[in-house]
Every structure is written in structure tokens, then in C-alpha cells.
Amino acid sequence: MADLLLGQVLSYAGDPFADGEAAARHERQGAVLVDGGKIIATGRADALRAAHPQARVTDYGSDLIVAGFIDAHVHYPQTAIIASWGKRLIDWLNSYTFPEEMRFADPAYAAEIADRYLTLATAHGTTTVCTYCTIHPESVDAIMQAAQARGMRVFAGKTCMDRNAPEGLRDTAQSAYDESKRLLERWHRVDRLSYVITPRFSPTSTPEQLAALGALWREYPDCLMQTHLSEQTDEIEWVKGLFPQSRDYLDTYEAQGLLREGAVYGHAIHLTEREKARLAEAGASLVHCPTSNTFIGSGLFDMGLARQLRMGLATDTGGGSSFSMLHTMAAAYEIAQLRGQALHPSQLIWLATVGSARALRAEGRIGNIAPGMEADLTVIDLASTPAIEQATRRAGSVWEALFPTIMMGDDRAIRATWVNGRPLA
Ligand SMILES: [Zn+2]
């Protein structure tokens with residue numbers, strides 16, 4: 001049976017970084033018709049009600065219906081260590097991440113955290129994630145099974161590391177290739193799941209391992225490849241020491257066949273001009289992780305790159321300090337302010353929906369509200385707390401009504417999350 005969701009509806013006909021506010025479409029008395037997991041139609045509520053009298057109606061009043069949020073870079077195994085105190089990148093990995101990731105050799109623990117993570121993500125209005133797992137194949141099976149049970153579109157891959165990681169968290173060039181390939185063949189394109197080839201980053205992979213994963217990517221060119229790039233300055237110095245032949249950090253990937261369309265680089269804060277030019281030329285994607293960048297003290301991302309590159313937005317759970325894409329939009333706004341740029345609310349929502357979908361090369365399926373798109377929707381209460389309600393009371397536009405929720409909202413603002421045409425949270 002078809003479902004008709006009523007409320008304010010926000011969608012995009014263009015890119016607000018190129019076209020400004022006019023890129024957005026807002027229907028105050030709007031509706032979205034959903035059937036069989038797809039969006040069938042969107043438009044004015046009265047017209048759609050008249051045209052589809054049999055549809056089951058869910059009236060969200062003045063709540064705002066947007067495409068489900070897409071978190072384009074997370075580490076679901078770090079769910080339990082989120083908001084751990086006082087470390088920068090390398091210490092963070094050694095003190096918190098690696099001991100926690102060791103536990104994912106146990107399939108029962110992996111299943112428990114995968115389930116907890118997706119429950120938290122959807123409660124925050126997130127309908128798709130692109131996640132790193134651990135080196136253990138069990139960690140991939142766990143998140144894929146949990147996503148499959150919920151009908152979610154999820155991207156995930158086994159994190160490969162063959163050096164500078166403790167015993168128990170290292171594979172080899174050959175085993176990384178073999179296990180990644182086996183997992184890819186088990187999960188890629190099954191239901192709404194996609195496998196992502198995932199070297200953690202150059203400091204924890206030998207050139208031989210990066211080359212093996214580059215070879216795997218050539219065999220399965222429709223996969224994404226995700227890794228980290230230029231997050232902290234001392235990390236970049238470390239990479240220089242480990243790869244003396246490389247021109248720069250990006251070159252450590254490029255030299256092994258890990259730079260082209262479908263490459264998704266997290267962070268990318270401290271880029272050289274050559275790196276920026278090559279990323280744009282290759283059609284690669286960047287993912288901005290603003291709460292992580294301030295929490296771990298990494299630096300201020302250059303949002304100006306949104307004009308040249310596919311760019312997504314992400315929490316970087318658990319280096320990031322929140323599961324909420326609303327909170328992540330607020331952090332992106334603040335970082336841009338520190339670089340002298342005021343991001344418009346239309347740009348912030350776009351980054352968390354269309355932008356992330358483009359970064360994951362899935363914009364034809366998710367990230368927007370239009371006929372034919374998959375029915376992943378987030379319904380936002382624009383007056384979810386007394387502080388937000390009093391700030392929005394005098395709003396003269398949808399943007400003025402939405403911005404206090406972007407800056408102060410959290411999971412309390414998520415009225416409902418629809419995944420694959422069904423309400424979840
Ligand atoms: Zn990360």
C-alpha cells in the first residue's frame with residue numbers, strides 16, 4: 001500500500017554552492033508519496049491527496065521532511081569509545097581505537113555494536129552510512145547483516161593495516177587482498193549493501209598492501225575505495241618519512257592505483273596545491289568531518305573545495321564527538337565561520353544529503369526527494385526544545401525556521417526516520 005507523508009517538504013533541484021538558495025525547493029503544505037521502497041511523487045499536499053485517495057496518510061503537520069541524512073565517513077567499531085578524552089590523532093588510535101578494535105575478533109561483540117550503532121544512527125535521522133570496520137572479516141559481516149535486517153543502504157569495508165598497528169590488528173598485503181575480495185563477493189550489491197575497499201591510511205599500510213588493494217580495485221572498478229588523507233600535520237610528516245619517494249601524501253595512494261573516481265578521502269585538511277589539482281582532475285571525493293577536526297584538534301577544512309570536488313559530510317564516529325548530522329552541520333558552519341565564510345542552511349542540509357550521496361556516487365538513488373529515488377526520509381521537528389521553539393517563533397522563512405535546529409538540535413528533533421519506504425525510529 002502506498003504511503004502519503006504530509007508536512008513541509010525540502011528538496012533540491014540544483015547545487016546551492018553553485019546556484020545559491022534557488023537550488024532548493026520548499027513546499028510549505030507538501031507531501032511525499034511512497035510505495036515499494038521508492039518515492040513515487042512529491043508536490044502539494046492537496047493535489048497528491050486528491051490524486052491518491054487510497055494512500056495511507058501520515059500527517060506530520062508543520063514538521064520538515066528532508067531526504068535521509070547520509071553520514072559519509074564513520075568507524076562504527078568506535079561507537080563505544082566516542083567522546084573519550086584528551087588525545088590527538090596518533091595517540092587517539094593507540095590509546096582508544098586499537099584496544100577497542102581488537103574486540104571485534106569476537107563476532108558476538110561485533111554484532112552487538114553494529115546493532116547499537118545503526119539504532120543510534122537512525123534515531124539521529126541518518127539513513128545511510130559509509131563505514132570503516134576493523135581488520136576482522138567478522139566486523140564486516142556484522143554491520144552488513146544489521147543493515148540488511150533494517151533495509152538500509154550501507155557502504156562498508158574491512159579496514160586493512162599491515163604495519164604500525166599492534167599484534168592482533170595487522171593483516172598482510174596478501175591476506176588483506178584475499179579477505180577483502182571474499183567479503184566483496186559476499187556483500188557487494190546484495191540488497192542495498194555496497195562493499196568499500198578500505199586501507200585505513202598510508203601510515204598503517206605498506207606500499208605492497210596499498211598496491212594489492214589497488215589491484216583489487218581494478219578488478220572491481222564499480223566499488224568505492226575509502227581512506228584518510230592529510231588529517232593532522234604530524235601525520236603528514238610521518239607519511240613523508242615512511243614514503244620518501246612520494247611527492248606528497250596523496251601520491252602514496254596515487255602511485256598504487258588508489259586515486260580515481262570513486263576514491264573517497266576523509267578529512268583532507270592540509271592539502272598542497274598539487275594535491276587539490278590532482279583530486280579535482282581525478283574526480284575524487286572528499287568528506288568533511290568537522291566535529292572530529294575540532295575534537296581531535298586537526299585543523300580547519302577549506303569549504304571552498306566544494307566548488308571543485310564532490311564533497312560529503314560526516315560525523316567520523318567516534319573521532320567525531322556526535323552521532324548527529326545536525327550537530328555535524330553546526331560544526332561545519334562554525335569551522336567555515338573561522339575561515340570567513342557563512343554557510344547557508346540550504347548548503348548545510350545539501351551537504352548532509354545530496355553532497356554525501358554524490359561523494360559516494362549514489363546521487364541517482366539516495367540523498368534527495370524526487371520521483372524514482374529510494375524512500376529514505378527524515379522528518380524534522382522544528383520546535384523540538386523550548387530553546388529552539390522560542391528562537392523559531394518569529395521565523396520569516398523556512399531557513400530562519402530551520403537554522404536554530406541545525407545549530408541546537410539533536411535526536412530530539414528527529415520526529416521520524418523512514419528507511420526503504422518504512423518508518424523506523
Ligand atoms: Zn576516520
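Start at 1 with the first residue, then count along the sequence. In listed order, ligands and their atoms are each counted from 1.
A cation-pi arrangement is absent between Arg189 and Tyr220 under the rule of less than 6.0 angstrom and at most 45 degrees off the ring axis.
In this structure a side-chain-to-backbone donor-acceptor pair under 3.5 Å is missing from Thr417 to Ala123.
Qualifying side chain to side chain contact (heavy atoms under 4.5 Å, CB included) partners for Arg307, counting only residues two or more places apart in sequence or in other chains: none.
Between the side chains of His327 and His124, no donor-acceptor pair is found at a separation under 3.5 Å.
Distances from the Zn ion (ligand 1) show that His73 has an N/O/S atom below 2.8 Å. At a threshold of 2.8 Å, the Zn ion (ligand 1) has no backbone or side-chain N, O or S atom of His267 nearer than that distance.
Angle OD1(Asp316) to the Zn ion (ligand 1) to NE2(His75): 90° [nearest 10 degrees].
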